[in-house]
Every structure is written in C-alpha cells, then in structure tokens.
Chemist: 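Okay, handing you the structure first.
Quick caveat: nothing in here was measured; it's all calculated off a predicted structure. All values below come from the heavy atoms of this structure, side chains included, with hydrogens, waters and symmetry mates left out.
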Amino acid sequence: MTFRSIIRQLLFLFFLLLSLPYAGMTQTQNHLATSCNRFQSYLVAPVSINRVNENHYFIDFGKDAFGTLLLSASLKPSDTIIVHLGEKTINPTTIDRDPGGTIRYQKVKLSGLPQKTNYTILLKPDQRNTSSRAVVLPDSFGTVMPFRYCELENLTIPMDEIAVRQKVYTYHFNDTASAFTSSDTILNQVWELCKYSIKATSFAGVYIDGDRERIPYEADAYINQLSHYSVDNEYSMARKTIEYLMEYPTWPTEWQLHMALMIYQDYMYTGNMELIRNYYEPLKHKTLMALAGDDGLITTFSPLHNGELMANLGFADTTQRLKDIVDWPPAQKDTNWKLATREGERDGFVFRPVNTVVNSFYYQNMKIMALFAGLMNRPEEVRDFRLRAEQTKESINKKLYNRAGGYYTDGIGTGHGSVHANMLPLAFDIVPDAYKKGVADYIKTRGMACSVYGAQYLMEALYRAGEADYALELMTATHDRSWYNMIKVGSTISLEAWDMKYKSNADWNHAWGAAPANIIPRGLWGIQPETPGFGLVSIKPQMGSLKNSSIVMPTIRGEIQCEYRRVNNRLQQYVIKLPEGMAGAFYMDLAAQDLLMLNGETMSLTSGSFAISPGNSTIEIRR
C-alpha cells in the first residue's frame with residue numbers, strides 16, 4: 001500500500017467521523033411539545049473536478065445542499081487559498097459571482113492557517129436569515145449556506161493531495177421510503193427534483209420559506225407537509241411546524257386559513273388527535289369565522305377585524321391587520337420589481353372586500369371544523385359548523401358564479417374571473433356537478449397563470465375534475481412556467497418562482513415549489529387516506545397518456561406499492577400491494593362496455609369503487 005493511498009484512507013475515516021448525525025432541537029423550538037427526530041449530517045464527494053488553470057480548480061458536488069465545505073490537506077500557514085461557493089454557474093467551470101435574486105454565492109479567503117490538516121470553511125452569516133425572526137439552527141451546525149459548486153484558487157499543492165467534501169445538514173430523511181417512475185422522462189425528473197427539494201430544505205427542523213428569511217409561513221408549510229408525507233413517513237417535523245405557527249402567525253389572510261388544513265392532514269395521515277385536542281379552541285379563531293356576514297361570507301373589511309381578533313390569532317403586535325394575498329408576487333404596480341407578467345402571479349385578480357379565494361378557504365375550514373367538533377364530542381358545534389359551511393357554499397355559488405360566462409368571479413362587484421377564483425372552488429368541491437365541466441374548461445383557458453404555490457391547488461382542481469390529460473400536460477411542460485424549467489436553468493431544488501423573471505428576488509431552494517412531490521401520488525395515482533391513519537386508503541389513478549408507471553408511497557402503516565401498464569388501447573393492468581392492517585378502495589371511471597377484473601374475477605363498480613385487501617391485488621380493465 002502506497003503512502004498516498006494510506007493518507008486517502010485516513011482522510012476517508014476522518015470525514016466519516018465528521019458525518020455522524022447530530023441529535024438536537026433548534027433553539028427557538030425547545031418549548032414545542034412534539035419530540036424532535038434526529039438531524040443528520042453527511043459528506044458528499046465531488047462528482048467532478050476540473051482544472052481551470054494552474055492552481056485553480058472547479059468542483060461540482062452534483063446537487064445543491066445546505067451545509068459547508070470541508071478540506072483535508074497539508075497546507076502551510078503562509079498559504080492563502082480562495083474558496084468560492086455557489087448555486088449557479090455562468091459556464092461549465094465558473095461560479096456566478098453575481099447570481100441575482102437570493103441565489104447564493106460566497107467567497108472565503110483562507111489565510112494565516114493554523115498548522116493542521118483538516119479545515120472547516122467558516123462561512124459568513126447572512127444578516128436577514130439569521131435575524132431575530134429566523135429559525136435558529138443548532139450551535140453545532142455553525143453557519144451553513146446552500147451551494148452545489150466550489151472553486152479553489154491559489155493552491156500550492158496538487159489537487160490529488162486534497163480531499164474536499166460538501167458537508168450537508170438535513171432533518172432525518174429516509175431516501176428509500178418512496179419511489180416513482182413512469183414512461184415520461186420529464187415527469188420522472190420533476191419527481192426527483194421535488195422529492196430531493198423536501199429533503200434538502202429540511203435542515204432547519206421546521207418547514208421554512210427558503211434561505212432568504214428562514215421563517216415558517218403557513219401556506220408554504222402546507223405544501224411542504226403534504227409533500228413530506230408523500231416521500232417519507234416522517235410526521236414530527238410537520239407537527240413542530242404547526243405548533244410553531246400557532247405561536248408565530250404570519251400576515252396573509254389565507255395563510256391563517258391554512259392552519260386547519262395542516263392539522264386535518266396530520267390527523268388523516270397519522271390518526272393522531274393530539275393537535276386537534278391541543279388547538280381546537282384557538283383554531284376556531286384561525287378560521288376567521290368572526291369575520292362572517294349574514295350571508296356566511298367573510299371579509300377582512302369587517303369591523304371585527306380588530307386588535308382583539310389579532311390577539312386571538314396569536315399576533316404579539318395587535319395593531320397588525322391581515323391582508324388578502326391570493327398569490328405571490330403581486331402585480332408590478334404594487335412592487336418595485338420589473339416582472340415578466342405585469343399582474344404578477346395573480347392572473348389579473350381584482351381585489352374586492354368579499355372575494356372568492358378567501359371564502360373558498362373559509363368553506364373548507366368550516367367542513368374541517370365540523371369534523372373536529374365531532375371528534376371532540378360537541379354535537380351542537382358540529383351542527384353550527386355544518387350550517388356555516390352550507391351557507392358559505394350557497395352564497396359563493398349564488399353571488400360569485402357568473403352563469404353567463406360559466407366561471408367564478410374574483411369577488412362581489414367585479415366580472416373578472418382569475419384562475420385562482422375558479423381552481424379553489426373546484427379543488428374544495430364547492431362547484432355543483434352541473435357547473436364542473438364549464439369551470440374546468442374555463443380554468444384550461446388560463447394556462448399556468450398562478451405561482452408555484454398556486455399550482456398546488458390548480459393541480460388538485462384538475463384531478464378532482466378528472467382532467468388528467470391537462471394536469472399531466474402542465475406537470476411535463478417545458479416552457480418557462482414549468483417545473484422542468486427549474487431543472488433547465490440549473491437548479492436541483494425547486495425554485496421560489498417559475499423563473500427569476502417572474503420574481504426578481506427569488507431563491508433556488510424553496511419547497512413551496514415542490515408540489516408534484518405530493519400531486520403525483522395524491523393526484524395522478526390518487527392515493528389518499530380515506531380513514532384517519534390509513535386504515536382505509538382510496539386509490540383513484542388518473543394516468544392520462546402515460547404508458548406505464550410505478551410508485552412506492554410511505555404511510556404510517558407501511559409502504560403502498562403500485563404498478564400500472566397500458567398493454568394496448570383495450571387493456572390496462574394495475575398491481576396494488578397494500579401493507580398488513582390496511583384495506584383499500586379502488587376507484588375508476590369506466591364506460592358502460594368496460595370489463596373490470598380483480599385477481600381474475602369480474603367485478604362490478606355500481607358504487608364507484610370496490611374493495612381490495614392487504615397484499616397483492618391485480619386489476620385489469622378491458623375496453
């Protein structure tokens with residue numbers, strides 16, 4: 001064994017020791033009731049090292065990740081090494097030193113080095129994401145930043161005598177808990193991008209809005225939660241985030257209305273009632289039911305939108321007021337940004353005191369609270385919440401639906417109908433059956449006229465309406481308002497916006513842009529809990545034009561494994577494997593002449609579904 005190979009093995013052992021996981025909680029979360037899972041750190045070797053010129057090398061670690069850089073080399077105190085770290089390049093061997101927006105780059109000069117062989121790069125903290133509002137990381141992390149690329153300049157020793165590693169921090173994550181593939185290569189890449197985004201952005205221990213602020217926001221967290229549940233059976237991070245947000249709310253009206261949605265999903269995916277018991281009373285305030293008028297529609301123009309309400313919502317500053325957001329960023333006239341679309345990501349939404357977006361969320365809150373009231377054994381409150389939900393739904397359809405145009409308007413007093421004012425009623429099942437096709441057709445005329453956040457509800461609306469082909473078209477699109485565009489521009493984590501031109505201060509590490517991580521299993525494959533804790537799972541696949549697909553989806557009861565194959569135009573096959581302790585309801589829209597077989601036996605779909613048992617089930621559809 002040569003001296004160089006011995007050194008390399010020693011370096012490997014050293015890096016291995018450094019990669020052992022750290023168990024702990026962020027300082028701002030020590031008061032939370034939910035117990036913490038383990039943080040983990042690991043080392044990533046370069047996927048490529050290229051010589052730029054003498055003593056200057058460009059290193060690619062393959063994926064963007066939050067962490068720092070480790071060097072192991074025999075350097076001299078007189079050496080001065082310049083380290084560049086960044087997320088974006090301008091050519092194959094140069095990191096973009098001025099990447100724009102909140103895309104990260106940092107230059108570190110190593111000089112006056114101590115006489116040792118192992119160096120951890122000490123990064124400069126960012127003033128904004130280490131402010132008093134930001135989530136504080138464990139002390140052992142030091143300062144971290146997202147980066148994929150590294151340049152080393154002024155090296156005085158050969159590159160093959162240096163071991164360089166990306167030290168990555170994440171929350172505990174099981175890479176093998178989920179999988180997806182299909183006949184569409186773009187869809188496969190989008191899935192991988194979004195799954196990795198959930199892992200990479202978990203480093204803070206709660207769901208945050210990316211690296212610019214590192215602050216939890218309710219709507220961001222909801223998409224993150226659904227996506228996390230779809231790629232790993234890890235639930236503590238979502239619960240911690242819910243607890244955090246109950247104490248530290250944020251300003252958008254609709255964000256408050258996401259809290260009931262988050263607690264509902266925690267209950268459905270785990271069967272655990274703890275959050276419902278803990279927050280049932282304060283959650284009533286989060287529904288904003290205090291702002292409802294006689295017609296059951298809420299408005300932030302209500303005189304009851306006051307300091308008392310803000311205190312009940314958990315705001316320390318009771319002079320603050322909620323603001324309807326609809327989507328983000330807003331129109332160009334409301335910002336100092338130069339945006340590619342002058343109306344921002346709101347599809348020209350016309351703000352009115354009573355609007356369709358806010359009230360669609362409110363209706364969903366009333367439905368959820370009726371369920372929670374039943375679980376809390378409060379029958380009178382069950383009736384009250386149900387009546388409120390029915391009244392709100394009736395008023396939306398009476399006052400906000402444009403019969404002549406076949407679409408929902410943005411609010412009372414305008415004839416404009418944005419994609420947002422239509423996708424949310426459809427996603428939350430407000431739209432009567434007689435209107436659904438017209439509303440879905442109207443939505444399809446708007447295109448991807450919403451942000452990466454709004455896309456969550458657009459995709460939910462399309463799958464609820466049975467528009468599988470159009471939903472697949474949007475998920476596999478390659479224009480600049482698509483998930484593939486995030487890959488095309490060079491990111492390995494979902495972006496905060498479709499492209500930098502749509503949000504000039506956007507970042508390259510924002511999990512609210514990773515909706516396909518949950519839309520593929522929950523929409524395309526239609527796998528969702530039908531009873532709390534997945535005692536019964538519903539499976540309603542909508543494969544569109546896909547020729548084949550397979551998925552592994554984690555649940556609290558074990559993995560669900562599914563395969564699909566379209567043999568020809570007349571025969572489709574599904575193989576579903578459910579874990580022990582889980583039953584299934586398989587849904588499929590069939591024509592009158594179609595024949596459906598389960599494990600070789602002809603089945604009837606008179607109720608719209610049929611039962612499948614734990615273990616393997618083979619389903620054939622013959623047309």
Side-chain angles (χ1 to χ4, degrees), residues 24-32 34 36-37 39-41 64-67 87 101-104 123 125-138 141-147 168-173 194-229 231-232 234-252 255 258-259 262 325 328 451-453 456 491-497 503 505-515 517-518:
M25 298 178 68
T26 62
Q27 293 175 11
T28 58
Q29 298 168 59
N30 287 335
H31 64 287
L32 303 183
T34 297
C36 180
N37 211 322
F39 287 98
Q40 61 188 20
S41 65
D64 197 5
F66 283 82
E87 295 183 285
T102 318
I103 306 170
R104 294 308 190 192
L123 300 169
D126 180 86
Q127 185 175 2
R128 187 168 186 181
N129 68 28
T130 55
S131 70
S132 59
R133 293 190 63 218
V135 172
V136 180
L137 301 180
F141 283 22
T143 301
V144 301
M145 66 171 277
F147 70 95
V168 176
Y169 291 96
T170 68
Y171 201 66
H172 172 79
F173 192 90
C194 294
K195 174 181 176 177
Y196 178 70
S197 299
I198 301 306
K199 176 182 180 179
T201 58
S202 69
F203 72 100
V206 293
Y207 302 139
I208 57 168
D209 69 327
D211 195 50
R212 183 174 57 254
E213 296 179 295
R214 297 188 188 173
I215 295 172
Y217 286 89
E218 292 87 347
D220 303 51
Y222 181 65
I223 298 171
N224 211 323
Q225 172 191 23
L226 287 175
S227 298
H228 201 169
Y229 289 175
V231 298
D232 194 5
E234 162 54 53
Y235 309 105
S236 64
M237 190 170 174
R239 286 190 185 142
K240 286 168 57 183
T241 306
I242 290 167
E243 291 173 340
Y244 185 101
L245 286 166
M246 289 298 291
E247 291 194 37
Y248 303 104
T250 64
W251 58 268
W255 277 210
H258 273 80
M259 292 308 301
M262 291 185 71
I325 190 170
W328 196 261
S451 75
V452 295
Y453 150 73
Q456 172 73 39
S491 187
T492 59
I493 306 176
S494 53
L495 274 59
E496 185 183 2
K503 191 174 189 295
N505 71 339
D507 62 45
W508 273 25
N509 43 69
H510 213 104
W512 88 333
N518 76 78

Chemist: Any sub-3.5 Å donor-acceptor pair from Glu213's side-chain atoms to Ala134's backbone N or O?
Modeler: no
Chemist: Taking the side chain as everything from C-beta on, heavy atoms only, tell me whether Glu496 gets closer than 4.5 Å to Asp209.
Modeler: no
Chemist: Taking side-chain contact (heavy atoms from CB on, under 4.5 Å) as the definition, give me every residue that meets it alongside Ala238, ordered by chain and number, with sequence neighbours left out.
Modeler: Tyr207, Gln225, Tyr229
Chemist: Is it true that the side chains of Tyr171 and Ser236 contain a donor and an acceptor less than 3.5 Å apart?
Modeler: yes
Chemist: Give me the atom names and distance for the closest heavy-atom approach of Gly205 to Lys240.
Modeler: O-NZ, 3.3 Å
Chemist: Quick one: does Lys503's side chain get under 4.5 Å of Trp328's, heavy atoms only?
Modeler: yes
Chemist: Can you name the nearest heavy-atom pair linking Val168 to Ala65, along with the distance?
Modeler: CG2-CB, 3.6 Å
Chemist: Is there a donor in the side chain of Ser491 and an acceptor in the side chain of Glu87, or the other way round, less than 3.5 Å apart?
Modeler: no
Chemist: Are Pro216 and Val135 packed together at the side-chain level, in the sense that at least one heavy-atom pair is separated by less than 4.5 angstrom?
Modeler: yes
Chemist: With a 4.0 Å cut-off on N to O distance, would you call Asp126 and Arg212 a salt bridge?
Modeler: no
Chemist: Please report the shortest heavy-atom distance between Lys195 and Ala517, naming the atom on each side.
Modeler: N-CB, 4.3 Å
Chemist: Ignoring hydrogens and angles, state whether a donor on the side chain of Gln456 or Asn518 is under 3.5 Å from an acceptor on the partner side chain.
Modeler: yes
Chemist: Taking all heavy atoms of Ile103 and all of Trp508, pick out the closest pair and write down the distance.
Modeler: CD1-NE1, 3.3 Å
Chemist: Quick one: pull up OH in Tyr248 and CZ in Arg133 and give me the separation to the nearest 0.5 Å.
Modeler: 11.5 Å
Chemist: Enter the distance from Thr241:OG1 to Glu243:CD here, rounded to the nearest 0.5 Å.
Modeler: 9.0 Å
Chemist: So, Gln127 side chain and Thr130 main chain: donor-acceptor pair closer than 3.5 Å or not?
Modeler: no
Chemist: Going by the angle between their ring planes, with limits at 30° and 60°, are His258 and Tyr222 parallel, tilted or perpendicular?
Modeler: perpendicular
Chemist: Hey, are the side chains of Cys194 and Ile198 touching, using non-hydrogen atoms and a 4.5 Å cut-off?
Modeler: no
Chemist: Any heavy-atom pair between the side chains of Ile208 and Ile215 that's under 4.5 Å?
Modeler: no
Chemist: In Å, rounded to the nearest 0.5 Å, how long is the span from NE2 of His228 to CD1 of Ile223?
Modeler: 15.5 Å
Chemist: What distance do Trp251 atom CH2 and Tyr217 atom OH have between them, rounded to the nearest 0.5 Å?
Modeler: 8.5 Å
Chemist: Do Asp220 and His510 get their side chains close enough for a donor-acceptor pair, meaning under 3.5 Å?
Modeler: yes
Chemist: Looking at Phe141, Phe203, Phe66, which hits ring-ring contact (aromatic ring centres under 6.0 Å, His included) with Phe39?
Modeler: Phe141
Chemist: Will you find, in the side chains of Asp211 and Asn509, an N or O donor that is under 3.5 Å from an N or O acceptor?
Modeler: no
Chemist: Kindly indicate whether the side chain of Met259, heavy atoms from C-beta on, has any atom under 4.5 Å from the side chain of Ile242.
Modeler: yes
Chemist: If you compare all heavy atoms of Ala204 against all heavy atoms of Leu137, which two are closest, and at what distance to 0.1 Å?
Modeler: CA-CD2, 3.7 Å
Chemist: Please report the shortest heavy-atom distance between Ser197 and Ser494, naming the atom on each side.
Modeler: OG-N, 2.8 Å
Chemist: Would you say the side chain of Ile325 lies within less than 4.5 Å of the side chain of Trp255, judging by non-hydrogen atoms?
Modeler: yes
Chemist: Would you indicate whether the side-chain heavy atoms of Ile493 and Thr201 approach each other to under 4.5 Å?
Modeler: yes
Chemist: Measuring from atom CZ of Arg104 to atom CG of Leu123, what distance do you get when rounded to the nearest 0.5 angstrom?
Modeler: 11.5 Å
Chemist: What's the verdict on side-chain contact (heavy atoms from CB on, under 4.5 Å) for Gln40 and Phe173, showing C-alpha distance, side-chain angles and the deciding distance?
Modeler: CA-CA 8 Å; Gln40 61 188 20; Phe173 192 90; 4.0 Å; yes
Chemist: Can you tell me how far the CG atom of Asp232 sits from the OG atom of Ser227, to the nearest 0.5 Å?
Modeler: 12.5 Å
